Number of protein chains: 2
Amino acid sequence: MNNEFYHSSFKLAVVGGGQLGRMLIQEALNYNISIHVLDPDENAPCKEICTSFITGSLTDENTVFSFGKDKQLVTIEIEHVSAEALKKLEASGIPVYPQPHLLEMIQDKGAQKQFYRENGIPTADFYLVNSKNEIADYKDQFPFFQKLRKGGYDGRGVQLLNSPDDLSAAFDSPSLLEKPVDFIKEISVIVARNTKGETTYFPVVECEFNPIANLVEFLFAPADVSKEIEKNAIEIAVKVAEKMKIVGLLAVEMFVTKDGKVLVNEVAPRPHNSGHHTIEANITSQYEQHLRAILGLPLGSTEMIRPAVMVNLLGEEGYSGEAVYDGLEEVMKIKGAFVHLYGKKKTKPFRKMGHVTLLADTLEEAKANAILVKNKLKVVSKITQNI
Amino acid sequence: MNNEFYHSSFKLAVVGGGQLGRMLIQEALNYNISIHVLDPDENAPCKEICTSFITGSLTDENTVFSFGKDKQLVTIEIEHVSAEALKKLEASGIPVYPQPHLLEMIQDKGAQKQFYRENGIPTADFYLVNSKNEIADYKDQFPFFQKLRKGGYDGRGVQLLNSPDDLSAAFDSPSLLEKPVDFIKEISVIVARNTKGETTYFPVVECEFNPIANLVEFLFAPADVSKEIEKNAIEIAVKVAEKMKIVGLLAVEMFVTKDGKVLVNEVAPRPHNSGHHTIEANITSQYEQHLRAILGLPLGSTEMIRPAVMVNLLGEEGYSGEAVYDGLEEVMKIKGAFVHLYGKKKTKPFRKMGHVTLLADTLEEAKANAILVKNKLKVVSKITQNI
């Protein structure tokens with residue numbers, strides 16, 4: 001199917017039209033790949049640059065199936081989509097990558113953890129419960145993070161249960177009880193595996209989260225970890241991808257513990273926030289690598305060109321409405337600052353509006369410039385609103 | 001006008017919708033810039049990725065004026081457009097960059113050469129004639145290149161007159177008689193000048209032309225020239241841009257003669273084939289720099305990241321029709337090969353269908369890979385036609 005992917009008769013369906021899809025399209029343009037997008041938001045970041053755009057629910061089985069059924073290949077840019085629809089598309093003979101059964105497993109945080117356990121992948125200890133009542137069975141083992149098995153996203157559906165006293169506030173739904181990890185760093189490795197089973201991985205990166213929004217705020221590439229931890233992290237990430245036999249990208253987020261262990265936190269089977277910097281910092285970007293993987297093409301070199309720091313541009317607190325990028329010109333003066341705005345018309349607190357990647361000769365220089373960006377560039381709105 | 005260029009209410013008009021416009025849009029996406037395009041070809045490379053597209057003649061005054069009159073800023077991606085329309089747009093208060101009077105001067109090869117002479121810019125000796133008859137006045141000074149003052153393009157409208165015997169075949173139109181230059185290299189420097197008069201230049205590159213098609217086939221960055229020639233070339237290029245007071249890019253193509261002189265051949269007031277490699281090889285690409293210049297933003301660093309060779313993908317002789325990129329997968333295996341297909345459905349002999357940039361640690365390695373690309377990747381068509 002793939003050797004003439006550059007003809008307009010070859011239609012690649014992307015379920016989801018956010019910034020990850022947009023950056024995927026930006027790379028796809030270099031290969032003439034026609035990308036067709038489904039998203040519920042009629043102003044989604046992909047809207048104006050994809051070959052065709054359909055407004056519709058990502059979780060509605062019929063909508064997703066209808067969208068995909070006349071395409072030659074289907075992929076996703078967000079996990080929260082109808083796995084049932086993707087299974088039906090796959091059953092009808094259309095290649096769907098990542099494979100729907102993997103997506104379904106990853107959508108269920110409980111099944112995902114069981115997969116790690118069954119495959120000898122190091123991860124934090126956990127229990128699965130079906131309701132609030134069952135949590136009491138583990139009352140001698142608090143504290144726990146309680147995570148809803150399904151539907152959580154960017155920190156939603158997650159809470160800390162410190163002691164049995166917190167039981168009244170617990171979610172009364174199937175959930176995962178996970179022992180908190182005493183970690184010193186959060187790192188990520190993005191693995192790509194193509195239809196031929198070939199794999200590559202991007203160098204280990206380090207993520208710093210915004211503590212309020214639970215979103216990646218800074219990313220450092222390469223990560224400041226020992227050779228041993230680096231090797232360990234890569235081995236674990238590649239092992240997860242190979243055990244899953246996934247086709248496409250798999251972003252493996254991991255904790256480095258105080259005692260030097262590497263534990264898998266969670267995975268995302270798609271381009272990931274921890275790979276934005278690869279657009280400029282690596283020979284092949286994660287977006288191009290995803291396309292190569294799902295099209296059965298040779299995977300590209302993931303070698304780093306220069307050290308990089310990525311800063312997410314999150315909507316400032318207190319501002320909601322038409323976005324204004326205050327300080328943008330100042331940032332454009334910084335050597336090696338690569339600005340990416342996501343084409344979102346409206347900002348709101350902590351909304352991911354764009355990112356800036358800083359390349360420099362050393363990571364220290366890139367970090368210093370990232371702090372400049374963080375201080376100078378603010379995503380605000382024309383009319384201040386207290387919200 | 002420019003501080004909120006990322007709002008959709010800010011409309012940038014690009015006259016011409018070819019590959020240069022396409023690559024300009026690819027960079028503009030990172031800044032949310034809405035680009036509106038006019039091109040006579042309803043399948044032009046910009047069509048699917050611009051904010052709006054109008055099919056129409058670039059040389060028809062009314063068409064170009066109507067297209068531009070509701071935009072906030074107008075630029076071009078090809079010189080062969082109605083300068084009259086652009087002058088009217090400018091007179092109506094819309095900024096047009098490059099400035100229409102410069103475009104008009106550059107469109108006229110005679111006026112362009114006189115500009116060099118008047119400003120002390122080294123260039124090959126020349127005479128201007130209005131008709132075939134007047135050429136005889138210079139019969140003791142053959143050989144000449146006869147170039148039509150207006151309308152020539154990519155080698156069309158140019159011929160060598162070796163001796164008075166060739167007079168019968170001479171063009172009977174206003175033209176430039178230019179003394180052939182005994183050159184050893186063709187080099188190019190792209191200068192950017194913004195609305196504030198700030199300038200930057202990209203490092204000197206070396207162009208190798210396809211002798212049949214008179215199109216750039218290979219480009220080497222940096223150029224293999226002495227420090228003195230490099231310095232001289234940069235000084236000349238910057239001087240041309242500053243004397244013109246151009247806003248936007250100016251690609252200055254120059255000859256290096258056997259005796260080490262640098263002579264200006266011609267200029268292009270727009271992104272140029274000799275700057276394609278800057279997308280990956282330099283911190284700021286020529287396309288982004290053009291946007292920065294015309295929007296009055298700070299110009300970016302033009303520092304090279306790695307040595308690069310650019311190979312133009314020209315349609316193979318003997319093939320015409322729906323394009324097939326034979327050998328593309330082989331090229332995608334080469335480390336540091338960046339493929340750019342221009343979204344043109346149909347190939348024909350020597351049509352510019354795309355380019356590949358090769359980055360490597362050394363220029364020699366990049367050259368070796370460029371030769372691999374040249375040998376492996378052929379733009380053919382499904383049905384062979386003898387034409």
Side-chain angles (χ1 to χ4, degrees), chain A residues 2-9 22-23 25-27 29-35 43 45 48-52 279-280 283-284 288 292 295-301 303 305-306 322-326 328-345 353-354 359 382, chain B residues 2-9 22-23 25-27 29-35 43 45 48-52 279-280 283-284 288 292 295-301 303 305-306 322-326 328-345 353-354 359 382:
Chain A
N2 298 323
N3 57 346
E4 293 187 3
F5 55 82
Y6 43 75
H7 280 156
S8 55
S9 58
R22 182 177 168 101
M23 290 184 267
I25 294 173
Q26 285 181 268
E27 294 285 351
L29 288 174
N30 290 327
Y31 291 97
N32 284 2
I33 302 170
S34 297
I35 291 197
N43 292 313
E48 290 203 342
I49 63 171
C50 60
T51 307
S52 80
I279 297 171
E280 293 91 8
I283 288 183
T284 308
E288 177 166 343
R292 287 174 178 243
L295 287 163
L297 295 166
L299 297 173
S301 164
E303 186 181 298
I305 296 170
R306 284 194 181 178
E322 200 176 355
V324 172
Y325 300 88
D326 199 31
L328 184 54
E329 277 197 44
E330 286 303 300
V331 166
M332 291 178 74
K333 287 179 188 164
I334 300 170
K335 182 176 160 187
F338 295 85
V339 174
H340 295 259
L341 304 183
Y342 297 154
K344 296 177 182 176
K345 290 199 172 85
M353 299 298 291
L359 292 197
K382 284 188 177 171
Chain B
N2 298 323
N3 59 347
E4 292 187 5
F5 55 80
Y6 43 75
H7 281 156
S8 55
S9 58
R22 182 177 168 99
M23 289 184 268
I25 294 172
Q26 286 181 268
E27 295 285 350
L29 288 175
N30 290 328
Y31 291 96
N32 284 2
I33 303 170
S34 297
I35 292 197
N43 292 314
E48 291 203 343
I49 63 170
C50 60
T51 307
S52 80
I279 296 170
E280 293 91 7
I283 288 182
T284 308
E288 177 167 342
R292 287 174 178 245
L295 287 163
L297 295 167
L299 297 173
S301 164
E303 186 181 298
I305 296 170
R306 285 194 180 177
E322 199 176 356
V324 172
Y325 300 88
D326 199 30
L328 184 53
E329 278 198 43
E330 287 303 301
V331 166
M332 291 177 74
K333 286 179 189 165
I334 300 170
K335 181 177 161 186
F338 295 85
V339 174
H340 295 260
L341 305 183
Y342 297 155
K344 296 177 182 175
K345 292 200 171 82
M353 299 298 289
L359 293 197
K382 283 189 178 172

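Predicted, not measured: the structure shown is a model, and the values here were computed from it. Letters A, B, ... are given to chains in the order of the sequence lines, protein chains preceding strands, and every chain is numbered from 1.
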Residue pair B/K382, A/H7: steps toward the side chain to side chain contact (heavy atoms under 4.5 Å, CB included) verdict:
CA-CA 12 Å; B/K382 283 189 178 172; A/H7 280 156; 3.4 Å; yes
Run the ring pair (Phe, Tyr, Trp, His ring centres under 6.0 Å) test against B/Y342 and tell me which residues pass, sequence neighbours left out.
B/H355
Is B/H340 reaching over with its side chain to a backbone N or O of A/L29, donor-acceptor style, under 3.5 angstrom?
no
Sidechain-backbone polar pair: A/Y6 side chain, B/L341 backbone, donor-acceptor under 3.5 Å:
no
Could you tell me which of [options] has the largest number of non-hydrogen atom pairs under 4.5 Å with chain B?
{"options": "A/G300, A/A323, A/G336, A/G354", "answer": "A/A323"}
{"options": "A/R22, A/E288, A/K344", "answer": "A/R22"}
{"options": "A/I25, A/T51, A/I283", "answer": "A/I283"}
{"options": "A/K333, A/E303, A/K345", "answer": "A/E303"}

Working to the nearest 0.5 Å, report the span between CG of B/L295 and CD of A/E329.
9.5 Å
Looking at CG of A/L299 and CE of B/M332, how far apart are the two atoms once the value is rounded to the nearest 0.5 Å?
9.0 Å
B/S8 versus chain A, the contacting section by heavy-atom distance below 4.5 Å
side chain
B/L328 portion near chain A, given a 4.5 angstrom heavy-atom threshold
side chain
Which one, B/E48, B/E280, B/R292, leads in non-hydrogen pairs under 4.5 Å with chain A?
B/R292
